[in-house]
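Computed from heavy atoms alone, side chains included, the values below leave out hydrogens, waters and symmetry copies.
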Amino acid sequence: MEPNLPDVVLWSIPAFVLLTVVEMVSARIHPDEDAAGYETKDAVTSVTMGLGSLVFDLLWKVPIVAIYTAVYELTPLRVPVLWWTILLMLLAQDFFYYWSHRGHHVIRILWACHVVHHSSRKFNLTTALRQPWTSLTVWPFYVPLIACGVHPAALAFCSSANLVYQFWVHTERIDKLPRPFEYVLNTPSHHRVHHASQGGYLDRNFGGILILWDRLFGSFAAETERPVYGLTKNIATYNPLRVATHEYAAIARDVRAAESWGERAGRIFRGPGWQPASTAASATASTTASTTVPVPESTG
């Protein structure tokens with residue numbers, strides 16, 4: 001029997017709206033000149049991306065539910081939906097979310113989906129709504145939970161709870177929390193690091209609810225300097241369609257220009273900044289040549 005669990009995201013929408021308005025008013029009344037703040041076009045794009053993701057998620061839901069249901073029917077295991085098992089499922093879902101999130105940063109074809117969420121140079125509660133339209137890449141990471149007997153509806157509830165939790169960490173209006181919270185939970189301070197484009201902050205703090213996974217698996221970085229938000233190569237567009245697809249287009253261009261099948265595979269499955277050895281060597285040689293000071297010939 002399918003568990004009867006509430007739609008966490010739907011129930012949270014009034015809180016999302018209220019908190020966003022409060023943040024906007026707060027930023028207007030008590031502005032922080034160093035903060036990224038709000039920009040109308042950027043905020044509208046983020047909200048549009050969020051609304052679009054709801055539509056596209058309904059489309060992707062059909063094949064994903066079919067796969068999860070098939071796996072659930074095949075496994076002999078069953079996890080009952082009780083208050084204490086829900087807590088365990090939330091913990092397990094957060095663990096697999098960490099690896100899904102990390103994977104979407106280090107594998108380029110997955111990054112093409114997730115890059116949408118990082119494409120804003122602002123950091124506020126509307127940034128939390130800037131969601132991808134191609135989230136079909138997420139489902140494989142949670143198959144182990146279904147295989148262990150977690151009902152697909154229970155997984156959907158846990159995923160929604162994780163998503164709702166992460167809304168409030170997209171803000172500059174909250175400084176660091178007391179140390180016990182900062183040590184255990186994903187907080188605005190930790191998530192500001194995650195959205196930063198500085199070298200020391202890149203690919204850090206992947207946790208959803210708990211930051212403990214990052215501490216355990218070596219991907220944690222504390223906030224020590226003010227983050228610079230956005231991508232290492234920012235996109236100059238507010239067009240939602242281009243925001244949703246720009247990295248896929250970049251991958252297609254790189255694959256067409258690739259000189260071997262190995263390079264084509266690397267452009268798709270290696271990291272977002274990966275370059276083939278020949279290209280990297282050429283770039284290094286070019287940089288060295290351009291920075292070398294010419295030595296005058298001897299006249300003796």
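Judged by distance alone, with hydrogens and angles left aside, the side-chain atoms of Tyr68 form no donor-acceptor pair with the main-chain N or O of Ala153 at under 3.5 Å. Side chain of Asn186 to backbone of Gly208: a donor-acceptor contact under 3.5 angstrom is found. Of the possible donor and acceptor atoms, none in the side chain of Ser119 sits under 3.5 Å from a partner among the backbone N and O of Val243. Using modelled atom types, one side-chain atom of Ser46 and one backbone atom of Asp42 make a donor-acceptor pair closer than 3.5 Å. Without hydrogens or angle criteria, Ser260 side chain to Glu263 main chain gives a donor-acceptor distance under 3.5 Å. Distance alone, capped at 3.5 Å, places no donor-acceptor pair between the Ser26 side chain and the Val22 backbone. When atom types are taken as modelled, the side chain of Thr75 and the backbone of Ala147 share a donor-acceptor pair closer than 3.5 angstrom. Thr45 places a side-chain N or O within 3.5 Å of a backbone atom of Tyr238 that can act as its donor or acceptor partner. Trp139 places a side-chain N or O within 3.5 Å of a backbone atom of Leu136 that can act as its donor or acceptor partner. Listed for the His194 side chain is a donor-acceptor partner under 3.5 Å among the backbone atoms of Arg204.
With values rounded to the nearest 0.5 angstrom, Leu155 atom CG is found 11.0 Å from Leu5 atom CG. Once rounded to the nearest 0.5 Å, the distance linking OG of Ser53 with CZ of Arg130 reads 12.0 Å. Trp111 contributes atom CH2, which lies 12.5 Å from atom OG1 of Thr137 (distance to the nearest 0.5 angstrom). Rounding to the nearest 0.5 Å gives a distance of 10.0 Å between CG of Leu88 and CG of Leu82. Here the CD atom belonging to Glu39 is positioned 8.5 Å from the OG atom belonging to Ser120, to the nearest 0.5 angstrom. Once rounded to the nearest 0.5 Å, the distance linking CD1 of Ile209 with CG of Leu90 reads 6.0 Å.
Atom CZ of Arg215 sits in a crowded spot, with more than 12 heavy atoms from other residues, nucleotides or ligands closer than 6.0 Å.
Follow the hydrophobic side-chain contacts under 4.5 Å out from Met49 and you never reach Val44; the two are in separate clusters. At a threshold of 4.5 Å between side-chain heavy atoms, the hydrophobic network of Ile, Leu, Val, Met, Phe, Trp and Tyr places Val65 and Val71 in two separate groups. At a threshold of 4.5 Å between side-chain heavy atoms, the hydrophobic network of Ile, Leu, Val, Met, Phe, Trp and Tyr places Leu91 and Phe95 in one connected group. Using a 4.5 Å cut-off between side-chain heavy atoms of Ile, Leu, Val, Met, Phe, Trp and Tyr, with links allowed through other members, Ile174 and Val184 fall into the same hydrophobic cluster. Under the 4.5 Å side-chain heavy-atom criterion for Ile, Leu, Val, Met, Phe, Trp and Tyr, Trp168 and Phe181 are members of the same hydrophobic cluster.
Contact annotation: the side chain of Phe157 approaches that of Pro6 to within less than 4.5 Å [non-hydrogen atoms, C-beta and beyond]. Side-chain contact between Ser189 and Glu182: present, with at least one pair of heavy atoms (C-beta onward) separated by less than 4.5 Å. The shortest side-chain heavy-atom distance between Ser197 and Tyr229 does not fall under the 4.5 Å cut-off. The side-chain heavy atoms of Ile251 and Val255, taken from C-beta on, include a pair separated by under 4.5 Å. Two residues are said to be in side-chain contact when any heavy atoms from C-beta on lie closer than 4.5 Å; Trp261 and Arg264 meet this criterion. Counting only heavy atoms from C-beta outward, the side chains of Tyr72 and Leu145 never approach each other to under 4.5 Å. Considering only heavy atoms from C-beta on, Arg267 comes within 4.5 Å of Gln275 through its side chain. Within the 4.5 Å cutoff, the side chain of Val115 has heavy atoms near those of the Leu231 side chain.
Counting only N and O atoms by type, the side chains of Tyr201 and Glu225 include no donor and acceptor under 3.5 Å apart. Between the side chains of Asn162 and Gln93, at least one donor-acceptor pair of N or O atoms lies under 3.5 Å. Neither side chain, Thr237 nor Asn239, offers a donor N or O lying under 3.5 Å from an acceptor on the other.
Nearest heavy-atom pair across Pro3 and Ala154 is CG-N, 4.2 Å. Residue Phe167 comes nearest to Ala128 through the heavy atom pair CD1-CB, 3.7 Å, listed as atom of the first residue, atom of the second, then distance. In terms of heavy atoms, Gln131 sits closest to Val116 at O-CG1, 3.7 Å. Scanning all heavy atoms of the two residues, the minimum distance from Ile268 to Ile107 falls at O-CG2, 4.3 Å. Considering every non-hydrogen atom in both Val9 and Ser160, the closest pair reads CG2-CB, 3.9 Å. The two residues Arg108 and Pro272 come nearest to each other via the heavy atoms CG-CA, 3.9 Å.
Not less than 6.0 angstrom separates the ring centroid of Trp213 from the ring centroid of Phe206. Aromatic pair Trp99/Phe217: ring centres closer than 6.0 Å. Ring centroid separation for the pair Phe220 and His190 comes in under the 6.0 Å cut-off. His170 and His117 have their aromatic ring centers within a separation under 6.0 angstrom.
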Subject >> Test side-chain contact (heavy atoms from CB on, under 4.5 Å) applied to Ile109 and Tyr248, step by step >> reply: CA-CA 8 Å; Ile109 192 63; Tyr248 293 106; 4.1 Å; yes
**OP:** Apply the test side-chain contact (heavy atoms from CB on, under 4.5 Å) to residues Tyr38 and Thr20: give CA-CA distance (whole Å), side-chain angles for both, the deciding distance (0.1 Å), then the verdict.
**Re:** CA-CA 11 Å; Tyr38 274 87; Thr20 301; 3.8 Å; yes
Original post:
Between Ile211 and Thr187, is a side-chain contact (heavy atoms from CB on, under 4.5 Å) present by the stated rule, with each step listed?
Top reply: CA-CA 8 Å; Ile211 203 68; Thr187 65; over 6 Å; no
Subject >> Intermediate values then yes/no, side-chain hydrogen bond (donor to acceptor under 3.5 Å, both in side chains), Ser219 and Tyr98 >> reply: CA-CA 10 Å; Ser219 55; Tyr98 168 86; 2.7 Å; yes
**OP:** Output, in order, the C-alpha distance, side-chain angles, deciding distance and verdict of side-chain contact (heavy atoms from CB on, under 4.5 Å) for Leu110 and His105.
**Re:** CA-CA 7 Å; Leu110 302 185; His105 272 256; over 6 Å; no
**OP:** Take Arg192 and Glu223 through the salt bridge (Lys or Arg N to Asp or Glu O under 4.0 Å) test and state the conclusion after the steps.
**Re:** CA-CA 8 Å; Arg192 287 192 290 268; Glu223 184 181 31; 2.9 Å; yes
Subject >> salt bridge (Lys or Arg N to Asp or Glu O under 4.0 Å) between Asp214 and Arg102, worked out >> reply: CA-CA 10 Å; Asp214 291 280; Arg102 188 166 180 169; over 6 Å; no
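Using bins of under 30°, 30° to 60° and over 60° for the plane-to-plane angle, the ring pair His114/His101 lands in the perpendicular bin. Ring planes of Phe123 and His191: tilted class, angle from 30 to 60°.
Every side chain to side chain contact (heavy atoms under 4.5 Å, CB included) that Arg256 has, sequence neighbours left out, goes to Ala252, Arg253.
Using a 4.0 Å cut-off between charged side-chain N and carboxylate O, Arg226 and Glu172 make a salt bridge.
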